[in-house]
Protein chains: 2
Amino acid sequence: MKEFENACREADLKVTHQRLELYRELAQAEDHPSAETLYKRLIKKLPTLSLDTVYRTLATLEKHRLITRVQTIESQARYEAKMDKHHHVVCSRCRTITDFTWDHFDEVQVPKAVVGWGKVIRRNAVLEGICKACARQP
Amino acid sequence: MKEFENACREADLKVTHQRLELYRELAQAEDHPSAETLYKRLIKKLPTLSLDTVYRTLATLEKHRLITRVQTIESQARYEAKMDKHHHVVCSRCRTITDFTWDHFDEVQVPKAVVGWGKVIRRNAVLEGICKACARQP
DNA sequence: TAGTAATTAGGAATTATTCTTGTTTAGTAT
DNA sequence: ATACTAAACAAGAATAATTCCTAATTACTA
Ligand SMILES: [Mn+2]
Ligand SMILES: [Mn+2]
Ligand SMILES: [Zn+2]
Ligand SMILES: [Zn+2]
């Protein structure tokens, strides 16, 4: 949390109550929440919080690379504060997004065609399937 | 194109003029167009086409696995008719999505944690970087 | 402690997508 | 070929997600 405050100052972002609480909430969330979901959770602690502030803060923090927007095919954007290199497996049934690490993927060489394309800065694996909990259901 | 007609009949989908033209347009597009983009291109040939039909048709074809919705962090959904296994590299600057194949990634074993998670049905690599054209600009 | 530029709340506006309704059409049975 | 019917369509209204606008508040600075 102190790290976050420093990162804000570093980026010339004021350390506001809203930013702190939003970051705290996102950092402890395991479920890659959407703006709307975060808003519902935060409103309990910050009764005057506006939904716009949630959107604006998420955009700001993403721009400064303090959080990440997760790639999905859903209509609502989803976010996470976890910035260590990791990947996602999404359950097609319940839409849960689960983290995992994959060192081999992070380090293996990309195809020659991609080298010719340009400079790759980030790589993400997105797996899709059926989680065990869902598999047990009819 | 004949294949597409047969696939429609197979799926009990009527072979309509709109579906044929939309599929034809998407199949020849290289840029993973959005519904809006497709609409603008199709309206020239189908002046009475409605935007809703584009959305509805894309959803229908996706459900029957005749086209794919591409994962991006953009607000508009983007589609492709190319169904062979392939992956995407996205330019952070110009947002162009480029296809590439990566046999090694398709076949390499996923981490043990993922095996424990459930059954993986699809895997996608999404790379991000700066394409050569953009790299040449200030 | 006061000044000020950044940030916020609240509501309006915009964008992307989906729904509703009446009309048209593809496939099927005469 | 013609008529029938369920599916699909066009048009515009409605909804959902996100962004914009403006006046008030607040974090940092001096
Ligand atoms: Mn994650
Ligand atoms: Mn593609
Ligand atoms: Zn599941
Ligand atoms: Zn580019």
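Just the heavy atoms: all of them, side chains too, but no hydrogens, waters or symmetry mates, feed the values below. The chains referred to below are lettered A, B, ... by the order of the sequence lines, with proteins before strands, and numbering in each begins at 1.
Ring-plane geometry between B/Trp102 and A/Phe105 is classed as tilted, the angle between the planes lying from 30 to 60 degrees on a 0 to 90 degree scale. Relative ring orientation between B/His104 and A/His104 is described as perpendicular, the plane-to-plane angle rising above 60° on a 0-90° scale split at 30° and 60°. Ring-plane geometry between B/Phe100 and B/His87 is classed as tilted, the angle between the planes lying from 30 to 60 degrees on a 0 to 90 degree scale.
Distance NE2 (B/His17) to P (C/dG27): 13 Å, rounded to an integer number of Å. Across the protein-nucleic acid pair, B/Asp52 atom CG and C/dG22 atom P stand 16 Å apart, rounded to whole Å. Atom P of nucleotide C/dG10 and atom CG of A/Leu46 are separated by 12 Å, given to the nearest angstrom. Atom CG of B/Asn6 is separated from atom P of C/dG27 by 12 Å (rounded to the nearest Å). Here C/dG10 presents its P atom at 8 Å from CD1 of A/Ile43, a figure rounded to the nearest Å. One can place CG of B/Leu38 at 12 Å from P of C/dT17, the figure rounded to the nearest angstrom. Taking atom CG of residue A/Leu42 and atom C1' of nucleotide C/dA9, one finds them 15 Å apart after rounding to whole Å. Atom CG of B/Asp12 is separated from atom P of D/dT5 by 19 Å (rounded to the nearest Å).
At C/dT18, none of the side-chain N or O atoms of B/Tyr55 fall inside 4.0 Å of OP1 or OP2 (strictly under the cut-off). Contact annotation: B/Thr16 does not reach the phosphate of D/dA7 (side-chain N/O to OP1 or OP2, under 4.0 Å). For the pair A/Arg56 and D/dT19, the criterion of a side-chain N or O lying under 4.0 Å from OP1 or OP2 is not met. Between A/Gln18 and the phosphate of C/dA9, there is a side-chain N or O to OP1/OP2 separation shorter than 4.0 Å. For C/dT8, the OP1/OP2 oxygens have no side-chain nitrogen or oxygen of A/Thr48 closer than 4.0 Å.
When every heavy atom of A/Arg19 is checked against every heavy atom of A/Phe4, the shortest pair comes out as O-CE2, 3.8 Å.
Nearest-nucleotide mapping onto DNA chain C: of B/Arg69 and B/Leu13, the residue sitting toward the 5' end is B/Arg69. Positionally, the nearest nucleotide of DNA chain C for A/Val54 lies more toward the 5' end than for the other of B/Ser75 and A/Val54.
Nucleic acid contact class of A/Leu51 (heavy atoms, under 4.0 Å, all strands): base. When heavy atoms are screened at a 4.0 angstrom cut-off, B/Ala59 is found touching no nucleic acid atom at all. A/Arg19 comes within 4.0 angstrom of sugar-phosphate atoms only, judged by non-hydrogen atoms across all strands, and of no base.
The side chain of A/Lys14 lies closest to D/dT26, out of D/dA11, D/dT26, D/dT18. The side chain of A/Gln76 lies closest to D/dA17 when the candidates are D/dA17, C/dA16, D/dA7.
Side-chain contact between B/Leu22 and B/Leu46: absent, with no pair of heavy atoms (C-beta onward) separated by less than 4.5 Å.
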